[in-house]
Student: 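Attaching a single structure in structure tokens format; questions to follow.
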2 protein chains.
Amino acid sequence: MSNNHFKKGELYSFITGKASIAIARRLQKRFNTSGLNITIEQWSVLYHLWKQDGLSQQQLCNATFRDKPSITRLVDNLEKLNLVKRVPSEHDRRINLIFLTKNAQKLEEETMQIADDTLNEALRSVPPDRIEVCKEVLQIVYDNLK
Amino acid sequence: MSNNHFKKGELYSFITGKASIAIARRLQKRFNTSGLNITIEQWSVLYHLWKQDGLSQQQLCNATFRDKPSITRLVDNLEKLNLVKRVPSEHDRRINLIFLTKNAQKLEEETMQIADDTLNEALRSVPPDRIEVCKEVLQIVYDNLK
DNA sequence: TTTGATTAGTTGCACAAACAACTATATGTC
DNA sequence: GACATATAGTTGTTTGTGCAACTAATCAAA
């Protein structure tokens with residue numbers, strides 16, 4: 001029999017990550033209703049470039065927890081939207097460095113505010129110490145599996 | 001400025017649901033290495049049919065937190081794999097009832113054991129009371145947004 | 001009983017993810 | 001320098017998701 005801490009229904013809920021799916025959908029809706037024409041996956045790439053511009057695609061793979069083909073296509077679509085630009089590295093011609101355009105720079109403040117609001121809405125009525133425990137557990141789960 | 005409980009890097013981690021992505025990937029790998037030729041999305045549909053066979057597609061939408069086109073296509077692929085069968089309802093001809101085949105019935109025990117093992121691995125070294133807090137927080141997040 | 005609204009399911013399209021196979025460049029060893 | 005190996009990125013294929021538009025069946029109200 002099961003020796004973990006999940007009943008049947010809870011097991012499904014935990015594996016499928018209902019909570020994070022709900023957060024992602026809400027964030028996407030808020031982007032859409034704000035007239036922001038980007039997906040949350042595209043936003044997640046921009047997010048890391050706002051922290052540090054000019055990352056390579058491989059660095060974006062590590063940062064976003066995605067594989068190389070996924071990043072290739074996300075960068076493709078971001079280039080189509082004129083939000084980033086591939087610049088071949090001078091030192092290593094295998095490498096593309098990804099730079100934000102001015103359009104993308106304009107998006108940072110607004111989208112971060114929306115993300116912040118969405119998280120606040122999601123965590124409404126949850127005491128800070130319980131949020132802290134939750135974050136720590138999820139970090140351990142990630143470390144256990146990565 | 002931000003008035004929630006997340007630093008920048010944590011915000012990304014929470015929104016993208018790194019922990020549940022890690023669990024899903026690990027489970028998929030275990031299915032693959034066990035020679036089980038199904039995706040975790042297909043498994044999530046079977047999961048609810050094992051609990052109650054003969055659900056409608058709409059009921060599967062609610063249970064799996066997916067929209068109707070997603071379920072249509074998952075059922076399409078499960079039918080191709082000979083794991084489920086669509087049976088039109090006699091009382092309401094709009095409705096398809098989805099029934100497990102014998103092949104799918106055989107999969108229940110093995111896949112549930114794998115899912116159980118995967119969760120135990122993910123939660124290794126996490127005390128039960130902290131798991132409980134985490135579950136409750138994620139449930140509130142879901143309820144806040146649904 | 002006809003009309004209008006609702007519900008269940010399907011289809012088309014764009015975007016994304018996982019995997020495998022591929023090209024091109026760089027590196028390390030003989 | 002030549003060769004094997006590793007690394008960065010691309011492309012093709014299958015599967016899944018979200019949205020909008022659609023069909024078919026049911027229900028409700030006049």
Side-chain angles (χ1 to χ4, degrees), chain A residues 16-18 20-22 24-33 36-46 54-81 83-84 86-98, chain B residues 16-18 20-22 24-33 36-46 54-81 83-84 86-98:
Chain A
T16 54
K18 261 175 25 175
S20 53
I21 292 174
R25 285 187 190 163
R26 179 61 54 97
L27 183 59
Q28 182 69 66
K29 271 198 184 150
R30 287 196 182 217
F31 281 172
N32 294 343
T33 57
L36 297 172
N37 196 23
I38 57 171
T39 66
I40 49 166
E41 291 84 2
Q42 291 164 1
W43 176 80
S44 78
V45 171
L46 297 179
L55 294 174
S56 70
Q57 294 189 198
Q58 183 58 54
Q59 288 173 313
L60 286 172
C61 291
N62 302 335
T64 63
F65 197 42
R66 288 184 174 83
D67 69 356
K68 288 192 288 182
S70 297
I71 290 297
T72 292
R73 276 137 184 165
L74 283 173
V75 173
D76 285 348
N77 287 333
L78 285 167
E79 267 196 327
K80 280 186 210 155
L81 293 169
L83 292 173
V84 304
R86 282 180 169 94
V87 178
S89 165
E90 296 184 354
H91 307 297
D92 186 337
R93 285 187 301 165
R94 292 172 302 181
I95 295 177
N96 290 333
L97 302 176
I98 312 301
Chain B
T16 55
K18 261 176 22 176
S20 53
I21 293 174
R25 285 188 189 162
R26 179 61 54 96
L27 183 59
Q28 182 70 65
K29 271 199 183 151
R30 287 195 183 217
F31 282 171
N32 294 343
T33 57
L36 297 171
N37 195 23
I38 57 171
T39 67
I40 49 166
E41 292 85 2
Q42 292 164 359
W43 175 82
S44 77
V45 171
L46 297 178
L55 294 173
S56 70
Q57 293 188 198
Q58 184 58 54
Q59 287 173 314
L60 285 172
C61 291
N62 302 335
T64 64
F65 196 42
R66 288 185 172 83
D67 69 354
K68 289 192 288 182
S70 296
I71 290 297
T72 293
R73 276 136 186 166
L74 284 173
V75 172
D76 286 347
N77 286 334
L78 285 167
E79 266 195 327
K80 280 186 211 157
L81 294 169
L83 294 172
V84 304
R86 281 180 170 95
V87 178
S89 165
E90 296 184 355
H91 306 299
D92 186 337
R93 286 186 299 166
R94 291 173 302 182
I95 294 176
N96 290 334
L97 301 177
I98 312 301

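A note on names: the letters A, B, ... follow the listed sequences, proteins ahead of strands, and every chain is numbered from 1.
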Student: Starting from P on C:dA24, measure out to CD on A:Q57 and report it in whole angstrom.
Tutor: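 Answer to the nearest Å: 17 Å.
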Student: Can a donor-acceptor pair be found, under 3.5 Å and without considering hydrogens, that links the side chain of A:Q57 to the backbone of A:N96?
Tutor: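 Between the backbone of A:N96 and the side chain of A:Q57 there is no qualifying donor-acceptor contact (under 3.5 Å).
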Student: Is there a side-chain contact (heavy atoms from CB on, under 4.5 Å) between B:R86 and B:D76? Walk through the geometry before answering.
Tutor: CA-CA 9 Å; B:R86 281 180 170 95; B:D76 286 347; 3.0 Å; yes
Student: Check whether the side chains of B:N32 and B:K29 place a donor and an acceptor atom closer than 3.5 Å, and report yes or no.
Tutor: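 No donor-acceptor contact under 3.5 Å links the two side chains.
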Student: With DNA chain D as reference, determine whether B:E90 or A:D76 sits nearer its 5' end, using the nearest nucleotide of each.
Tutor: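 Looking at DNA chain D, the more 5' nearest nucleotide goes with A:D76.
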Student: Can you confirm whether the side chains of B:D67 and B:S70 place a donor and an acceptor under 3.5 Å from each other?
Tutor: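 Side chains of B:D67 and B:S70: pair found under 3.5 Å.
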Student: Hey, which of these two, B:R94 or A:L97, hits DNA chain D nearer its 5' end, going by closest nucleotide?
Tutor: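 Final value for this comparison: A:L97.
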Student: State the CG-NE2 distance between A:L97 and A:H91, to the nearest 0.5 angstrom.
Tutor: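 With rounding to 0.5 Å, CG (A:L97) is 8.5 Å from NE2 (A:H91).
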Student: Provide, to the nearest angstrom, the distance between the NE2 atom belonging to B:H91 and the C1' atom belonging to C:dT7.
Tutor: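 The answer, rounded to whole Å, is 17 Å.
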Student: Write out the stems for DNA chain D, ordered by first number and formatted as range with range, counting runs of at least 3 consecutive Watson-Crick or G-U wobble pairs under 3.5 Å.
Tutor: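 Counting only runs of 3 or more consecutive pairs, the stems involving DNA chain D are C:1-30 with D:1-30.
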Student: Between which nucleotides of DNA chain D, read 5' to 3', does contact with chain B run, using atoms under 4.0 Å from its heavy atoms?
Tutor: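 Contact span on the strand: D:dT15 to D:dT26.
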Student: Any side-chain to backbone donor/acceptor pair from A:Q28 onto A:I38? Under 3.5 Å, distance only.
Tutor: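 Judged by distance alone, yes, a pair lies under 3.5 Å.
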Student: Quickly work out the A:K68 NZ to C:dA21 P distance and round it to whole Å.
Tutor: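 Going from A:K68 (NZ) to C:dA21 (P), I get 15 Å.
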Student: In the structure I gave you, are the side-chain heavy atoms of B:N77 and B:L83 within less than 4.5 Å of one another anywhere?
Tutor: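 Contact flag for B:N77/B:L83 side chains = no.
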Student: Identify the two heavy atoms, one from B:T64 and one from B:S44, that lie closest to each other, and give their separation to 0.1 Å.
Tutor: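 Minimum heavy-atom contact is CG2-O, 4.0 Å.
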Student: Where do N or O atoms of nucleotides 12-18 of chain C meet protein N or O atoms at under 3.5 Å, pair by pair?
Tutor:
residue	atom	partner	partner atom	Å
C:dG12	N7	B:R73	NH2	2.6
C:dG12	O6	B:R73	NH1	3.0
C:dG12	O6	B:R73	NH2	3.3
C:dA16	OP1	A:T39	OG1	2.4
C:dA16	OP1	A:Q42	NE2	3.2
C:dA16	OP2	A:N77	ND2	2.5
C:dA17	OP1	A:R66	NE	2.7
C:dA17	OP1	A:R66	NH2	3.1
C:dA17	OP2	A:R66	NE	3.3
C:dA18	OP1	B:R25	NE	2.7
C:dA18	OP1	B:R25	NH2	3.2
C:dA18	OP2	B:R25	NH2	3.3
C:dA18	N6	A:R73	NH1	3.4

Student: Is the side chain of B:E41 donor-acceptor paired with the backbone N or O of B:L74 at a distance under 3.5 Å, no angle test?
Tutor: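 Judged by distance alone, no pair lies under 3.5 Å.
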Student: Quick one: closest heavy-atom pair of A:S56 and A:Q59, and the distance?
Tutor: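 Reported closest heavy-atom pair: N-OE1, 2.9 Å.
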Student: Counting just side-chain N and O atoms, does B:Q58 come under 4.0 Å of either OP1 or OP2 of C:dA8?
Tutor: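 So the side-chain polar atoms of B:Q58 do come within 4.0 Å of the phosphate oxygens OP1 or OP2 of C:dA8, strictly under.
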Student: Is there a side-chain contact between A:W43 and A:L36, using heavy atoms and a 4.5 Å cut-off?
Tutor: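 Side chain of A:W43 against side chain of A:L36, heavy atoms only: no contact under 4.5 Å found.
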Student: How many whole angstroms separate atom CD of B:Q59 from atom C1' of C:dG9?
Tutor: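 The answer, rounded to whole Å, is 14 Å.
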